[in-house]
Amino acid sequence: MKRILAPSILSSDFSRLGEDIQAVVDAGAEYLHIDVMDGIFVPTISFGMPIIASIRKCTDIVFDVHLMITKPERYIKTFKDLGADVISVHIETLDDPEKTLKEIKALGAKVGLALNPETIIENVFPYLELVDMVMVMTVEPGIGGQKYIHECTPKIVALKEELTKRGLTNVDIEVDGGICVDTIDEALNAGANVIVAGSAVFKDDITANAKAIMAHF
Ligand code: DX5
Ligand code: ZN
(Lines give C-alpha, C1' and ligand atoms only; values in the text may rest on other atoms or scores of the structure.)
(Ligands and ions follow the chains in the order given, each with its own letter.)
Protein backbone atom coordinates (compact mmCIF):
# COMPACT_ATOMS: atom_id res chain seq x y z
CA MET A 1 0.00 0.00 0.00
CA LYS A 2 1.13 3.50 -0.73
CA ARG A 3 2.37 5.30 2.36
CA ILE A 4 1.07 8.80 2.88
CA LEU A 5 1.85 11.49 5.45
CA ALA A 6 -1.15 13.44 6.73
CA PRO A 7 0.10 16.35 8.85
CA SER A 8 -2.51 17.46 11.38
CA ILE A 9 -3.02 21.21 11.41
CA LEU A 10 -4.31 21.00 14.98
CA SER A 11 -0.71 21.62 16.04
CA SER A 12 -0.01 24.36 13.52
CA ASP A 13 0.37 28.05 14.26
CA PHE A 14 -3.03 29.39 13.22
CA SER A 15 -1.66 32.90 12.86
CA ARG A 16 0.31 31.61 9.88
CA LEU A 17 -1.77 28.64 8.82
CA GLY A 18 -1.36 29.17 5.07
CA GLU A 19 2.42 29.19 5.33
CA ASP A 20 2.45 26.14 7.61
CA ILE A 21 0.34 24.23 5.10
CA GLN A 22 2.64 25.27 2.25
CA ALA A 23 5.61 23.94 4.22
CA VAL A 24 4.11 20.44 4.47
CA VAL A 25 3.07 20.53 0.82
CA ASP A 26 6.63 21.46 -0.10
CA ALA A 27 7.90 18.54 1.98
CA GLY A 28 5.79 16.12 -0.05
CA ALA A 29 2.88 15.40 2.27
CA GLU A 30 -0.11 14.20 0.24
CA TYR A 31 -2.91 14.59 2.78
CA LEU A 32 -3.75 17.40 5.18
CA HIS A 33 -5.39 16.08 8.34
CA ILE A 34 -8.11 18.38 9.65
CA ASP A 35 -9.45 17.70 13.14
CA VAL A 36 -12.94 19.01 13.79
CA MET A 37 -14.04 18.80 17.45
CA ASP A 38 -17.28 19.77 19.13
CA GLY A 39 -16.54 19.84 22.86
CA ILE A 40 -19.06 17.02 23.38
CA PHE A 41 -17.71 13.86 21.76
CA VAL A 42 -14.30 15.11 22.87
CA PRO A 43 -13.66 17.62 25.67
CA THR A 44 -12.10 20.20 23.37
CA ILE A 45 -13.26 22.46 20.54
CA SER A 46 -10.91 23.01 17.63
CA PHE A 47 -12.23 24.76 14.51
CA GLY A 48 -14.82 24.22 11.85
CA MET A 49 -16.31 25.35 8.60
CA PRO A 50 -14.83 28.86 8.07
CA ILE A 51 -11.26 27.62 8.51
CA ILE A 52 -11.73 24.80 6.04
CA ALA A 53 -13.33 27.15 3.52
CA SER A 54 -10.38 29.53 3.83
CA ILE A 55 -7.60 26.99 3.43
CA ARG A 56 -9.40 25.20 0.58
CA LYS A 57 -8.74 28.32 -1.48
CA CYS A 58 -4.97 28.12 -1.02
CA THR A 59 -4.12 24.47 -1.69
CA ASP A 60 -5.11 21.41 -3.74
CA ILE A 61 -3.77 18.91 -1.20
CA VAL A 62 -6.19 16.14 -0.21
CA PHE A 63 -8.28 17.24 2.77
CA ASP A 64 -8.54 14.39 5.27
CA VAL A 65 -11.30 15.58 7.59
CA HIS A 66 -11.56 13.82 10.95
CA LEU A 67 -14.91 14.51 12.55
CA MET A 68 -14.81 14.20 16.33
CA ILE A 69 -18.38 15.37 16.74
CA THR A 70 -21.66 13.90 17.90
CA LYS A 71 -24.21 13.04 15.22
CA PRO A 72 -21.75 13.70 12.38
CA GLU A 73 -24.41 12.81 9.81
CA ARG A 74 -25.75 16.35 10.34
CA TYR A 75 -22.69 17.88 8.71
CA ILE A 76 -21.35 15.41 6.17
CA LYS A 77 -22.72 17.22 3.14
CA THR A 78 -21.49 20.55 4.48
CA PHE A 79 -17.95 19.27 4.87
CA LYS A 80 -18.01 17.69 1.44
CA ASP A 81 -19.20 20.97 -0.07
CA LEU A 82 -16.41 22.80 1.78
CA GLY A 83 -13.87 20.63 -0.01
CA ALA A 84 -13.32 17.57 2.15
CA ASP A 85 -11.89 14.71 0.10
CA VAL A 86 -11.84 12.08 2.85
CA ILE A 87 -14.43 12.23 5.61
CA SER A 88 -13.87 10.10 8.71
CA VAL A 89 -16.55 9.56 11.31
CA HIS A 90 -16.21 7.76 14.63
CA ILE A 91 -17.96 4.43 15.08
CA GLU A 92 -18.77 5.55 18.65
CA THR A 93 -20.88 8.45 17.30
CA LEU A 94 -22.99 6.61 14.74
CA ASP A 95 -26.59 5.51 15.32
CA ASP A 96 -26.75 3.86 11.91
CA PRO A 97 -23.18 3.32 10.66
CA GLU A 98 -24.21 1.70 7.38
CA LYS A 99 -26.46 4.60 6.45
CA THR A 100 -23.91 7.29 7.29
CA LEU A 101 -21.02 5.53 5.57
CA LYS A 102 -23.11 5.05 2.43
CA GLU A 103 -24.09 8.70 2.54
CA ILE A 104 -20.45 9.81 2.58
CA LYS A 105 -19.75 7.55 -0.39
CA ALA A 106 -22.81 8.81 -2.29
CA LEU A 107 -21.59 12.39 -1.86
CA GLY A 108 -18.39 11.44 -3.64
CA ALA A 109 -15.98 11.61 -0.71
CA LYS A 110 -13.69 8.83 0.47
CA VAL A 111 -15.16 7.09 3.48
CA GLY A 112 -13.20 6.83 6.71
CA LEU A 113 -14.26 5.04 9.88
CA ALA A 114 -12.41 5.95 13.07
CA LEU A 115 -12.27 4.25 16.43
CA ASN A 116 -11.06 5.29 19.87
CA PRO A 117 -8.29 3.48 21.76
CA GLU A 118 -10.71 1.68 24.07
CA THR A 119 -13.02 0.54 21.25
CA ILE A 120 -12.29 -3.01 20.15
CA ILE A 121 -11.29 -3.39 16.53
CA GLU A 122 -13.97 -6.02 15.91
CA ASN A 123 -16.58 -3.23 16.23
CA VAL A 124 -15.62 -1.91 12.79
CA PHE A 125 -15.45 -5.32 11.09
CA PRO A 126 -19.14 -5.31 10.00
CA TYR A 127 -18.50 -2.16 7.95
CA LEU A 128 -15.19 -2.89 6.23
CA GLU A 129 -16.85 -3.40 2.85
CA LEU A 130 -18.29 0.14 3.06
CA VAL A 131 -15.12 2.10 3.78
CA ASP A 132 -12.02 3.34 1.99
CA MET A 133 -10.06 3.80 5.20
CA VAL A 134 -10.12 2.78 8.86
CA MET A 135 -8.54 5.21 11.30
CA VAL A 136 -7.07 3.61 14.39
CA MET A 137 -6.68 6.23 17.10
CA THR A 138 -3.54 5.70 19.12
CA VAL A 139 -4.24 8.50 21.62
CA GLU A 140 -7.46 9.63 23.26
CA PRO A 141 -9.02 11.96 20.71
CA GLY A 142 -9.16 15.66 21.50
CA ILE A 143 -5.63 16.88 22.06
CA GLY A 144 -2.41 16.93 20.07
CA GLY A 145 0.97 16.12 21.55
CA GLN A 146 0.03 13.03 23.56
CA LYS A 147 2.08 9.85 23.78
CA TYR A 148 1.42 6.92 21.43
CA ILE A 149 -0.55 4.18 23.20
CA HIS A 150 1.38 1.02 22.35
CA GLU A 151 -1.51 -1.21 23.42
CA CYS A 152 -3.32 -0.06 20.25
CA THR A 153 -0.74 -1.54 17.88
CA PRO A 154 -2.24 -5.07 17.97
CA LYS A 155 -5.51 -3.55 16.74
CA ILE A 156 -3.74 -2.38 13.58
CA VAL A 157 -2.31 -5.87 13.09
CA ALA A 158 -5.72 -7.49 13.58
CA LEU A 159 -7.35 -5.03 11.18
CA LYS A 160 -4.72 -5.66 8.53
CA GLU A 161 -5.24 -9.41 8.88
CA GLU A 162 -9.01 -9.07 8.56
CA LEU A 163 -8.73 -6.83 5.49
CA THR A 164 -6.33 -9.27 3.85
CA LYS A 165 -8.58 -12.23 4.70
CA ARG A 166 -11.53 -10.51 3.01
CA GLY A 167 -9.53 -9.40 -0.02
CA LEU A 168 -10.04 -5.73 0.88
CA THR A 169 -6.50 -4.85 -0.01
CA ASN A 170 -7.34 -1.33 -1.15
CA VAL A 171 -8.63 -0.17 2.23
CA ASP A 172 -6.19 2.22 3.86
CA ILE A 173 -5.25 1.99 7.51
CA GLU A 174 -4.67 5.38 9.05
CA VAL A 175 -2.99 5.79 12.40
CA ASP A 176 -3.68 8.93 14.40
CA GLY A 177 -1.98 10.03 17.58
CA GLY A 178 1.51 10.16 19.02
CA ILE A 179 3.34 9.51 15.78
CA CYS A 180 6.92 10.79 15.65
CA VAL A 181 10.22 9.42 14.34
CA ASP A 182 10.37 7.10 17.38
CA THR A 183 6.92 5.54 16.97
CA ILE A 184 6.28 5.55 13.24
CA ASP A 185 8.04 2.25 12.52
CA GLU A 186 5.81 0.44 15.00
CA ALA A 187 2.70 1.71 13.20
CA LEU A 188 4.08 1.00 9.72
CA ASN A 189 5.21 -2.50 10.66
CA ALA A 190 1.77 -3.23 12.08
CA GLY A 191 0.20 -2.35 8.74
CA ALA A 192 -0.73 1.33 8.83
CA ASN A 193 -0.10 3.27 5.62
CA VAL A 194 -1.71 6.69 6.16
CA ILE A 195 0.22 8.41 8.90
CA VAL A 196 -1.14 11.38 10.82
CA ALA A 197 1.38 13.53 12.64
CA GLY A 198 0.64 16.84 14.31
CA SER A 199 3.01 17.94 17.04
CA ALA A 200 5.93 16.09 15.45
CA VAL A 201 5.54 18.15 12.26
CA PHE A 202 4.32 21.61 13.26
CA LYS A 203 7.23 22.90 15.29
CA ASP A 204 10.52 24.54 14.32
CA ASP A 205 11.46 23.45 10.77
CA ILE A 206 8.17 22.04 9.48
CA THR A 207 9.47 20.86 6.12
CA ALA A 208 12.43 19.09 7.74
CA ASN A 209 10.16 17.43 10.32
CA ALA A 210 7.81 16.12 7.65
CA LYS A 211 10.72 14.83 5.58
CA ALA A 212 12.22 13.11 8.63
CA ILE A 213 9.00 11.19 9.17
CA MET A 214 8.63 10.30 5.50
CA ALA A 215 12.20 9.00 5.49
CA HIS A 216 10.75 5.99 7.35
CA PHE A 217 8.37 5.16 4.47
C1 DX5 B 1 -6.28 14.09 18.22
C2 DX5 B 1 -6.28 14.32 16.76
C3 DX5 B 1 -4.98 14.11 16.12
C4 DX5 B 1 -3.89 15.02 16.61
C5 DX5 B 1 -2.61 14.26 16.49
O6 DX5 B 1 -7.57 14.06 18.66
O7 DX5 B 1 -7.20 13.46 16.12
O8 DX5 B 1 -5.08 14.19 14.70
O9 DX5 B 1 -3.78 16.23 15.90
O10 DX5 B 1 -1.63 14.99 17.11
P11 DX5 B 1 -0.23 14.34 17.48
O12 DX5 B 1 0.37 13.84 16.21
O13 DX5 B 1 0.50 15.46 18.10
O14 DX5 B 1 -0.51 13.20 18.43
ZN1 ZN C 1 -7.17 13.40 13.93
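Residue numbers run from 1 in the order of the sequence given. Start at 1 and go down the list; that is how both ligands and their atoms are numbered.
The contact set between ligand 1 and Val196, taken as ligand atoms under 4.0 Å from a residue heavy atom, comprises 8 (O). Numbered from 1 in the order shown, with element, the atoms of ligand 1 that lie under 4.0 Å from a heavy atom of Pro141 read 6 (O). Residue Gly177 has at least one heavy-atom neighbour below 4.0 Å for each of these atoms of ligand 1: 14 (O). Near Leu10, the atoms of ligand 1 lying under 4.0 angstrom from a non-hydrogen atom of the residue are 9 (O). Proximity to His33 (heavy-atom distance under 4.0 Å) selects the following atoms of ligand 1: 8 (O). With ligand atoms numbered from 1 in the order given, ligand 1 contributes 12 (O) to contacts under 4.0 Å with heavy atoms of Ala197. Taking a cut-off of under 4.0 Å to the non-hydrogen atoms of His66, the atoms of ligand 1 that pass are 7 (O).
The Zn ion (ligand 2) lies closest to atom OD1 when only the N/O/S atoms of Asp35 are considered. Distances from the Zn ion (ligand 2) to the N/O/S atoms of His66 are shortest for ND1. Its N, O or S atom nearest to the Zn ion (ligand 2) is what matters here, and for Asp176 that atom is OD2.
Below 30°, between 30° and 60°, or above 60°: for Phe41 and His90 the angle between ring planes is between 30° and 60°, a tilted geometry.
Of the charged side-chain nitrogens involved, at least one lies within less than 4.0 Å of a carboxylate oxygen, so that Asp85 and Arg56 count as a salt-bridged pair. Electrostatic pairing of Lys165 and Glu161 does not count as a salt bridge here, judged by no charged N lying under 4.0 Å from a carboxylate O. The residues Asp132 and Lys105 are annotated as salt-bridged, a charged nitrogen and a carboxylate oxygen being separated by less than 4.0 angstrom. Salt-bridge formation is detected for the pair Glu129/Arg166: a Lys NZ or Arg NE/NH1/NH2 atom is positioned less than 4.0 Å from an Asp or Glu carboxylate oxygen.
By the criterion of a heavy-atom distance under 4.0 Å, neither the backbone nor the side chain of Val42 is placed next to ligand 1.
Taking a 4.0 Å cut-off on heavy atoms, Ile143 registers as neighbouring ligand 1.
Regarding atom 3 (C) of ligand 1, its nearest protein heavy-atom neighbour is Asp176 OD1, 3.0 Å. When hydrogens are left out, the protein atom nearest atom 13 (O) of ligand 1 is Ser199 OG, 2.6 Å; that is the closest non-hydrogen contact. Remark: minimum distance from atom 14 (O) of ligand 1 to any protein heavy atom is reached at Gly178 N, 2.8 Å. Remark: minimum distance from atom 10 (O) of ligand 1 to any protein heavy atom is reached at Gly144 CA, 3.6 Å. Of the protein's non-hydrogen atoms, Gly198 N, 2.8 Å is the one closest to atom 12 (O) of ligand 1. The nearest heavy-atom contact from the protein to atom 9 (O) of ligand 1 is Ser8 OG, 2.7 Å.
The shortest N or O to N or O distance between Asp35 and ligand 1 is below 3.5 Å. Annotation: Gly145 places an N or O atom under 3.5 Å from an N or O atom of ligand 1; distance criterion only.
Checking side-chain atoms of Asn116 against main-chain N and O of Glu118 turns up no donor-acceptor pair under 3.5 Å. In this structure a side-chain-to-backbone donor-acceptor pair under 3.5 Å is missing from Lys110 to Val131. Judged by distance alone, with hydrogens and angles left aside, the side-chain atoms of Asp38 form no donor-acceptor pair with the main-chain N or O of Ile45 at under 3.5 Å.
A heavy-atom distance below 4.5 Å is not found between the side chains of Leu82 and Phe63.
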(request) Begin with the C-alpha distance, continue with both residues' side-chain angles, and end with the deciding distance and a verdict on salt bridge (charged side-chain N to carboxylate O under 4.0 Å, His left out) for Asp172 and Lys2. (result) CA-CA 9 Å; Asp172 290 307; Lys2 187 172 188 206; over 6 Å; no
(message) For a salt bridge (charged side-chain N to carboxylate O under 4.0 Å, His left out) check, start with the C-alpha distance between Lys99 and Glu103, then their side-chain angles and the critical distance, and finish with the verdict.
(response) CA-CA 6 Å; Lys99 184 172 176 219; Glu103 190 185 336; 5.9 Å; no
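The shortest non-hydrogen separation linking Met214 to Ala27 is CE-O, 3.0 Å.
For the side-chain contact (heavy atoms from CB on, under 4.5 Å) test with Ile195, the passing option among Thr183, Leu188, Ile4 is Leu188; the others fail.
Nearest to atom 6 (O) of ligand 1 by heavy atom, out of Ser12, Gly142, Cys180, is Gly142.
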